[in-house]
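Residue numbering restarts at 1 for every chain, and letters A, B, ... go by the order of the sequence lines.
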Protein chains: 2
Amino acid sequence: MTSCATCIVRNSAICGALSNAELATLNKIGRRRTLEAGETLIWEGEESVLVANVIDGVLKVTTSLKDGREQIVGIACPSDFLGRPFGENAGQSVVALSDAKVCLFAREAFDGFAREHPDLQTTLLERILGELDLSRRWMLLLSRKTASERVATFILEMSQRLADHGCAAPGGSIDTLRLPFGRQQMADILGMTIETVSRQLTELKKRGVIRLPSRQAIEIVDRAALEALA
Amino acid sequence: MTSCATCIVRNSAICGALSNAELATLNKIGRRRTLEAGETLIWEGEESVLVANVIDGVLKVTTSLKDGREQIVGIACPSDFLGRPFGENAGQSVVALSDAKVCLFAREAFDGFAREHPDLQTTLLERILGELDLSRRWMLLLSRKTASERVATFILEMSQRLADHGCAAPGGSIDTLRLPFGRQQMADILGMTIETVSRQLTELKKRGVIRLPSRQAIEIVDRAALEALA
DNA sequence: CGTACACTTGAGACCATTCAAACTTGGTGG
DNA sequence: CCACCAAGTTTGAATGGTCTCAAGTGTACG
């Protein structure tokens, strides 16, 4: 029996808006689920039947074209909210990048609960507004920034995110990022090809701005230079 | 004295969630304002002091880089909501594209009112979720679609919007769009240059897919062809 | 030790941009 | 009514940044 009382994201997820009594009610309509890396939780275009809180792991939120071109429009870390409440269709797919644990709710049940709990709605609204700001800023990157600006921005943004809530994997100081994804996913986030990402990273390495200690790690050597580039 | 009772967006804006009594309270903290084309209502990066409902006219929501590169991340039409509630900073600028009328609220007063009126919050949440879906779909266009795909998608999207709520200006059937903006703004929406937009439009004209009866009008001749391109 | 997979590097092609010039359009005043 | 002007738009030629395709290198894992 899993319980909200012992949940590690109890206070940082939207559940933080609820009292223990309210949480007990929510607990009844929710259930936990584990996902393996690569597993899809939500399919783009399908009916929106699920919403979820991330408990552990990292997931990607994507939209794609029929021919396979894909764009990652969001990265979900522990305590982040997933899914499309108050709507019939899921606009994006959600896929686990690492093994993950989520707290699932049937969308309709969640909608009903939310309508009766204004504080939860406020919290949710604040989160979604933050997401909207983020995705709009990202639109500027995708449409107007050059390859090197994109990579510089990406590294700084990830560093930021690591600082905020330990999303970007363990075992690094503020300046050594252990990223939970490979080049292809970086490319899908930045709207470029894998080759261009690679070239830009080696360029930054050559210039002594970053180091690449291992495949999935980036160490920031000269943060000021990165900021100038982004 | 302006009154919500006679407001033309009374039912289509977020105010639709409120009773007449509640609306009277909201009316006290709001005021009307007219904007001339080109006037800025909200500045990116400044403190978020205002939120608003659009009553008349069309406005653009933009983010930009210091060097002037700009991306339009949203178009606001009558009954649309503007601004950043529950947050300190405005992430985007809002500029009137045509002469416009808006219903303004001090952000903090609005936040307070919203917290006490769950139905308003639900409505707002639904709207913001819709905006998020839209902007995420647009990210895919900006990062992965070719110039011709972008223009085709744009025309269809605008046609859709015209059909939904008479945003895209008067005097047109479903297939003749009178757009409230010029080539530069199309470019800023699509993340391209003005020249590329122009070239793609003439290309579509040559192929008999659209006609360009006047500077700001686009007539869809072969909708199926457009859909195939998008 | 060998194989598979991810990443890097290189050469060439291509699409969108840049810069420049010509053309429309709509408005103003002679 | 027409000439003129300014602003917006179209068109052209050349450039350049990113992608594509292909081969090479490295790293993890059996």
Classify [X] by what it touches in the nucleic acid, base, sugar-phosphate, or nothing, heavy-atom distance under 4.0 Å.
| X | value |
| --- | --- |
| Thr202(B) | sugar-phosphate |
| Arg183(A) | sugar-phosphate |
| Thr146(A) | sugar-phosphate |

Validation row: Val102(B), Asn53(B) side chains within 4.5 angstrom (heavy atoms)
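Sidechains of Asn53(B) and Val102(B): no contact.
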
Any heavy-atom pair between the side chains of Ile55(B) and Arg32(B) that's under 4.5 Å?
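Side-chain contact under 4.5 Å: yes.
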
Whole angstroms only, please: what is the [atom1]-[atom2] distance between [X] and [N]?
| X | N | atom1 | atom2 | result |
| --- | --- | --- | --- | --- |
| Arg150(B) | dT17(C) | CZ | P | 7 Å |
| Ile194(A) | dA22(D) | CD1 | C1' | 14 Å |
| Asp188(B) | dA16(C) | CG | P | 17 Å |
| Lys145(B) | dA16(C) | NZ | C1' | 18 Å |
| Met192(A) | dA16(C) | CE | P | 18 Å |
| Leu201(B) | dT10(D) | CG | C1' | 11 Å |
| Arg69(A) | dT18(D) | CZ | C1' | 15 Å |
| Met186(B) | dG8(D) | CE | C1' | 13 Å |

Could you walk me through whether Arg144(B) and Asp188(A) pass salt bridge (Lys or Arg N to Asp or Glu O under 4.0 Å), step by step?
CA-CA 10 Å; Arg144(B) 301 298 190 192; Asp188(A) 287 342; 3.2 Å; yes

Centre-to-centre under 6.0 Å for Phe81(A) and Phe105(A), is that the case here?
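Not under 6.0 Å, so no.
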
Given DNA chain D, 5'-ward residue of the pair Lys206(B) and Gln200(A), judged by closest heavy atom
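Between the two, 5'-proximity favours Lys206(B).
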
Asp80(B)/Arg161(B) salt bridge by N-O under 4.0 Å criterion
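So Arg161(B) pairs with Asp80(B) through a salt bridge.
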
Would you mind telling me which of [options] lies closest to the side-chain atoms of [X]?
| X | options | answer |
| --- | --- | --- |
| Arg215(B) | dT10(D), dT25(C), dA16(C) | dT25(C) |
| Glu195(A) | dT18(D), dT11(D), dT9(C) | dT9(C) |
| Ser198(B) | dT18(D), dT27(D), dT11(D) | dT11(D) |

Short side-chain N/O contact to dT17(C) OP1/OP2 from Thr193(B), under 4.0 Å:
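Thr193(B) to dT17(C) OP1/OP2: side-chain N or O found under 4.0 Å.
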
Is there a donor on the side chain of Arg199(B) or the base of dT18(C) sitting less than 3.5 Å from an acceptor on the other?
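Check passes, donor-acceptor contact within cut-off.
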
